[in-house]
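These notes are about the structure you will find just below.
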Protein chains: 2
Amino acid sequence: MPPKENKSEITINDIAKELKISPSTVSRALNDNAKISDVTKRKVKAVAQDLGYELNLVASSLSKNKTNIIGVIIPNIGSQFFAKALSGIQEVARSHGYNVIICQTNESVQQEIEMTRVMNSARVDGLVCCLTMETKDFSHFDVFVKKGIPVSMFDRVSYSVPGPKIVVDNYEAAYVATEHLINLGCKRIAHLAGVSTSKVFEDRAEGFKDALTKYELPLLSQYLLSSDLTEQDARDAIRIWMNLPEKPDGIVAASATTGLVIASAAKSLGVQLPEELSIISLGNERCNEFVTPSLSAIDMPGYEMGKSAVKQLIKSIADGELDNSITLKPIQLLIRNSSFKH
Amino acid sequence: MPPKENKSEITINDIAKELKISPSTVSRALNDNAKISDVTKRKVKAVAQDLGYELNLVASSLSKNKTNIIGVIIPNIGSQFFAKALSGIQEVARSHGYNVIICQTNESVQQEIEMTRVMNSARVDGLVCCLTMETKDFSHFDVFVKKGIPVSMFDRVSYSVPGPKIVVDNYEAAYVATEHLINLGCKRIAHLAGVSTSKVFEDRAEGFKDALTKYELPLLSQYLLSSDLTEQDARDAIRIWMNLPEKPDGIVAASATTGLVIASAAKSLGVQLPEELSIISLGNERCNEFVTPSLSAIDMPGYEMGKSAVKQLIKSIADGELDNSITLKPIQLLIRNSSFKH
DNA sequence: TTAAAAAATGCAACCGCTTGCATTAATTAA
DNA sequence: TTAATTAATGCAAGCGGTTGCATTTTTTAA
């Protein structure tokens, strides 16, 4: 137990004393204020360097009433989609001099509310957020709206909260995926959907249904299952379907994980992929390439979405204008071996 | 372009005026200071609630000289190991009232240095860090050491920087993995190692070699390849090995990703897994379960490591004592189908 | 009933930096 | 050479809490 460390935090006052000038001049010099002579600037910076001075962001934030911190609220870091989004968010934020405070909600609305409180207390300059699957009430964002602090949402968004939105056309994603299976010759296509309280999954289910309708394929109720998309749900779904007298010959999974689990479970049930059953999932993970057969998917551009979300946010912060733009990011159909010509 | 929002940020002064008491009393009441009467506390809290008051952490941090922020520096969020670690870090931090600022280094020492500067400026109360593979000089951590700000390292650590360390026995991991293959009957075991500048990969290589020695198996130089562990490196390695007159019958991959790629590449080269070749990787990813054959691995407890790293850090912060403890987290051998009885 | 002790509250300085405005120094024009 | 500009720098009041110490109020003891 060493005695108290030398708590010598260097401040602008130390620099000021050293040079026998005022702290305000030091502050301005360090910030390259135009009214400070170059000689002074050089001297100040030299001494700052010497003394190992490092700006105290806390003090700076307080006096400027700007923290240069962006708050990020996402469901969970474990998902590859969010990991990528986070990378994009980080990158753009940092390149603009912003720091990032991150919180996971673990899909719990309660936690989401708690997190907004924390972000508010931390006085973030803006918020990037992807809602939980169950968020139905958005009043916890009111504080920010009221204070004019921009909230940028991506993927799972709410149009009732003002601010930029970065989304993907989930309807289209499902439509394209389904269409792909249809073009392959699939006649009995099933869909494991997510809870319909979430717009994302609702849209996907719609896209699925409409594609069937468009191609005049029947929409059989037993082929449309809805769940929380847990791994168990996926296993249950495939078991149910494979016990049907008329088994499906194509499956559109509402998420990357369920697609993976469905494929794996189908294989262990002895189903031949893709001969007997084609599978495509809405959402792509690196794993999709490694499994056998490799899994076709609709890729959602997480990285790009994260980047855009922050870009728009920073723009809003800078302009002070409220931006309600909706940015639609393109999806991509990745055809792999799980969906092959019959 | 709406005019300036009503920038009505509620402060303790507003509460004080409302109740005609002093701001200090309000501050103490909100912090449940013992010298404030219960009546006053109740009144203050009621008004605070009414007015929608939320503590300004920036101001609080400045006056308390404590930010309640933990800085986290990790190589990349995309890896499942780090994603899990991050989850653990988050969870423990939050449950202790700490916020978390996260930075990715992308395995760049330059960025790591930059990040420490940012963390210093942000005046974090402590740092959780996993070094890049190439960090050889650690002077960028000196600032923290000098100021008595604890730095907790996990996985890729440096014992020359004081502070708690959370690690896994990488030597053992490789030893156990290799031993497993030997027990299966493998005679010609190869290892794709990581750069030897990293202690982690050095230890793994050592463990691999020692296991061979222990079981009196020859250590052939062509079976020991070293690389940066990119996907391409993995593909190159397997191609080289499979072109050898005496092909290896077992492979220990130094990372989860390389294991995955090696298995996949081997398959496409027509190698029968696991009959002709057993594979095990040091590091487990969810994907390992989904591929065919499922990939055996040594699981590194990322989540637990992250949790411990923060726990120790917070303890250090609280005690003000410097803690140089080394916590060894247990690894786990996960036997799957890629390593099966020959 | 009054003095002493304990409980509540207030005052004011401080945390480190920023910034509008005043002041001084250096230039330029007259 | 002096007045008028322009360029540099300093002063001091914040930003919103926190906290040691003084002061006031209430309670307890004498």
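By convention in this document, chain letters (A, B, ...) are assigned in the order of the sequence lines, proteins followed by strands, and residues within each chain are numbered from 1.
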Problem - A/T40 and A/S37: side chain donor to acceptor below 3.5 Å - result: yes
Exercise for the section: Would you kindly say whether A/N120 and A/K147 are connected by a side-chain donor-acceptor distance under 3.5 Å? Expected result: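 Indeed, the side chains of A/N120 and A/K147 share at least one donor-acceptor pair under 3.5 Å.
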Could you state the atom-to-atom distance from [atom1] of [X] to [atom2] of [N] in whole Å?
{"X": "A/K35", "N": "C/dT19", "atom1": "NZ", "atom2": "P", "answer": "13 Å"}
{"X": "B/N13", "N": "D/dG14", "atom1": "CG", "atom2": "C1'", "answer": "12 Å"}
{"X": "B/I21", "N": "C/dA7", "atom1": "CD1", "atom2": "P", "answer": "20 Å"}
{"X": "B/D32", "N": "C/dT9", "atom1": "CG", "atom2": "P", "answer": "13 Å"}
{"X": "A/I36", "N": "C/dT19", "atom1": "CD1", "atom2": "C1'", "answer": "12 Å"}
{"X": "A/R28", "N": "D/dG10", "atom1": "CZ", "atom2": "P", "answer": "10 Å"}
{"X": "A/L62", "N": "D/dA13", "atom1": "CG", "atom2": "P", "answer": "17 Å"}
{"X": "B/L30", "N": "D/dG16", "atom1": "CG", "atom2": "P", "answer": "15 Å"}

Do the side-chain N or O atoms of [X] get closer than 4.0 angstrom to the phosphate oxygens (OP1, OP2) of [N]?
{"X": "B/T25", "N": "C/dG10", "answer": "yes"}
{"X": "A/S27", "N": "C/dT19", "answer": "no"}
{"X": "A/S60", "N": "C/dT18", "answer": "yes"}
{"X": "B/T40", "N": "C/dT9", "answer": "yes"}
{"X": "B/N31", "N": "D/dT18", "answer": "yes"}

Practice task
Map A/K41 and A/S63 onto DNA chain D by nearest heavy atom, then report which one ends up closer to the 5' terminus.
Solution key: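 The answer here is A/K41.
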Fill in the blank from the handout: Only residue of A/E91, A/K329, A/K84 satisfying side chain to side chain donor-acceptor pair (under 3.5 Å) with A/Y303 is A/E91
Exercise for the section: Would you mind telling me which of D/dG17, C/dT18, C/dG20 lies closest to the side-chain atoms of B/I12? Expected result: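 The answer is D/dG17, which lies nearest to the side chain.
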Exercise for the section: Look at the side chain of A/T11 and decide which nucleotide, out of D/dA8, C/dT19, C/dG16, has an atom nearest to it. Expected result: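 Among D/dA8, C/dT19, C/dG16, the one nearest the side chain of A/T11 is C/dG16.
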Fill in the blank from the handout: Scanning both residues in full, the closest heavy-atom pair of B/E107 with B/T132 reads OE1-CA, 3.4 Å
Exercise for the section: Anything under 30° is parallel, anything over 60° is perpendicular, the rest tilted; go ahead and classify B/F154 against B/F82. Expected result: perpendicular
Practice task
Using a heavy-atom cut-off of under 4.0 Å over every strand shown, decide if B/S24 touches base, sugar-phosphate, or nothing.
Solution key: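 It contacts base atoms.
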